[in-house]
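Heavy-atom basis, side chains included; hydrogens, waters and symmetry copies ignored. Every chain is numbered from 1 and lettered A, B, ... according to where its sequence line falls, protein lines coming before strand lines.
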Number of protein chains: 2
Amino acid sequence: MTGTKQAGIDRTSGVALWRQIADDIRVAIGAGEFREAGKLPGEMALAERFGVNRHTVRAAISALQNEGIVKAKAGRGTEILSDLRLKMPISRRTRFSTGLGGQARRPETAYIAAGEAAASDEVAAALAIAPGSLCVTLESLGLADGIPVSLAFHYFPAARFAGIAEHFRRERSVTRSFAAMGLADYVRVSTDISARHADEYERDWLRLTPGGIVLEALAVNADLEGVPVQYSRTRFSAGRVSLHVGTDGEL
Amino acid sequence: MTGTKQAGIDRTSGVALWRQIADDIRVAIGAGEFREAGKLPGEMALAERFGVNRHTVRAAISALQNEGIVKAKAGRGTEILSDLRLKMPISRRTRFSTGLGGQARRPETAYIAAGEAAASDEVAAALAIAPGSLCVTLESLGLADGIPVSLAFHYFPAARFAGIAEHFRRERSVTRSFAAMGLADYVRVSTDISARHADEYERDWLRLTPGGIVLEALAVNADLEGVPVQYSRTRFSAGRVSLHVGTDGEL
DNA sequence: TTTTATTTGTCCGTATGTATT
DNA sequence: CAATACATACGGACAAATAAA
């Protein structure tokens, strides 16, 4: 099926050639295709490979430079800067800071906003409360070494966690905020994972370029009696994070 | 330009507006946004929503018609034909066919290819065998109602599962192939999930458009003694599938 | 049945972006 | 940095199909 035509380039798909080629090169870098050389093949070689003009390849490389993935130097070639991904564990004891702790990086959580909202059907079902019940909302940004990796929107039942936003503002941690309100422990009940293109708001906070991808995780946490205490929608920068599900044991 | 910019549409991303809008509408359909009406809002309403000209919306709808998702009729509106969005469970007992079975859809597995390969470091580590050991490889396509949803590449240690490809070719099921070779049961040990743009090969098999997204799951299955029996790399069509991780119980 | 409003389908022209030579 | 060809996006006008008054 892949056959004769030059490596998968479609000219009437609504996606500019330079963007298709940039995406292809990004995937190839992630797959480790150029890891040995540490740099991309020359512009002429790439133009040949994709069956396009050298100018088009230059536009693609320029886009990858803006993303901070490669760095082109006259006479030297195009160096590959980073193809690393953080591994975020998903288990019964999923927590942001400890999840990234083992990877020799400085994890950090930033406060974005807090508020109140009536529970939509979706939120109400997840938290096992009546639709329309009041929820405390909290928005936060997760960073590793100063680079944003996740953007989270949390819902807590207001009846039980009325003042949690103030705690979070000081503590910068959901776990410690729960603890300050008398909830010593909690577990992850379920996680729903999907992927899509980032919208403008997500691109802004996660510093993604147009066409960037987010992994969206819808998660429910519950106390040890199984009563839901938190519903959150976390969007991970797909280029910087993978999710690791260990189905055999705890973290 | 009609006025203020609208939800997540970017005019300098190398992706045509009509394609961005088509992707947005496809996701909205999958989220059930128009399920009540059974059809899309009018072209004018959508043009307003996305802040573009009516013709641009028409181009997007035309693309969705070609995908077989909607059907436009003069005077009637644009009917939604399919809102396929599958939820694939990831748990200790993860299997493709049973995973989709509960969703009242016809699951199917197609055989693509089989072969042999020496284990790379990555594969060897996952299967707990020596690097360079021989593996049986198997490639398969998962479909739901005839629509491709997953593309999988499997590795089995050849020392133990030498003839498994022939079994799979007849049985069209990894579970039944294992059973035919005397392995009655196995469990999922770990799953690593990431997201990225589909490459040409994946776009081809999964019938994705350029810029399409895949959810890639690297999974290890083991027998009940904990000895790894299978390592697989499954790429799900992100627009058609989400992954559900239940961390509390079995499937 | 006729009328009217609504919605999609098709045509025109113009400006800008993309890709090649 | 041309010149050229084509795709994209916009704006408007009108035709054709449908549903409801």
Could I get a table of every N or O pair under 3.5 Å where one atom is in the protein and the other is in nucleotides 17-21 of chain D?
unit_1: D/dA19; atom_1: OP1; unit_2: B/Arg76; atom_2: NH1; d: 2.3

Checklist entry - What pairs with B/Arg58 under salt bridge (charged side-chain N to carboxylate O under 4.0 Å, His left out), at least two apart in sequence or on another chain? => result B/Glu43
Checklist entry - Any side-chain heavy atom of A/Tyr111 sitting closer than 4.5 Å to one from A/Ser140? => result no
Checklist entry - B/Glu48 CD to D/dC10 P: how many Å, rounded? => result 13 Å
Checklist entry - Of all of residues 55-63 of chain A, which get a heavy atom below 4.0 angstrom from DNA chain D, listed by number? => result none
Checklist outcome for this item: Between CG of B/Leu46 and P of C/dT7 the distance, given in whole Å, is 11 Å
Item to check | Test side chain to side chain contact (heavy atoms under 4.5 Å, CB included) applied to A/Ala28 - qualifying residues, sequence neighbours left out | outcome: A/Glu33, A/Phe34, A/Arg49
Next on the checklist: Output the rounded distance in Å from CG (A/Leu17) to P (D/dA5).
Outcome noted: 19 Å
Checklist entry - Can you check whether B/Thr78 has a side-chain N or O nearer than 4.0 Å to OP1 or OP2 of C/dT7? => result no
Item to check | Length of the NZ-C1' vector between B/Lys39 and C/dT8, whole Å | outcome: 11 Å
Item to check | Shortest non-hydrogen contact from A/Val15 toward A/Gln20 | outcome: O-NE2, 2.7 Å
Checklist entry - So A/Phe153 and A/Tyr155, would you call those rings parallel, tilted or perpendicular, with 30° and 60° as cut-offs? => result tilted
Checklist entry - Roughly how many Å is it from CD in B/Gln65 to C1' in C/dG9, rounded to a whole number? => result 11 Å
For residues 112-135 of chain A, tabulate all N or O donor-acceptor pairs below 3.5 Å that involve a side-chain atom, not counting sequence neighbours.
unit_1: A/Ser120; atom_1: OG; unit_2: A/Val123; atom_2: N; d: 3.3
unit_1: A/Glu122; atom_1: OE2; unit_2: A/Tyr231; atom_2: OH; d: 2.6
unit_1: A/Ser133; atom_1: OG; unit_2: A/Ala130; atom_2: N; d: 3.4
unit_1: A/Ser133; atom_1: OG; unit_2: A/Ala130; atom_2: O; d: 2.5

Item to check | Length of the line joining A/Ile21:CD1 and C/dA19:C1', which is rounded to integer Å | outcome: 10 Å
Checklist entry - For D/dA9, does OP1 or OP2 lie under 4.0 Å from any side-chain N or O of B/Asn53? => result no
Checklist entry - Looking at C/dG9, does its base get a donor-acceptor pair with the side chain of B/Arg54 below 3.5 Å? => result yes
Checklist entry - Given atom CD of B/Gln20 and atom P of D/dA9, what is their separation to the nearest angstrom? => result 8 Å
Checklist entry - Can B/Leu215 and B/Arg235 be said to form a side chain to side chain contact (heavy atoms under 4.5 Å, CB included), step by step? => result CA-CA 5 Å; B/Leu215 270 166; B/Arg235 287 140 297 174; over 6 Å; no
Checklist entry - Is B/Ser190 close to A/His244 at the side-chain level, that is, under 4.5 Å between some pair of heavy atoms? => result yes
Checklist entry - Whole-Å distance between C/dT20 P and A/Trp18 CH2? => result 14 Å
Checklist entry - For A/Pro148, what residues pass the side chain to side chain contact (heavy atoms under 4.5 Å, CB included) criterion, not counting sequence neighbours? => result A/Leu141, A/Leu143, A/Leu206, A/Arg207, A/Arg240
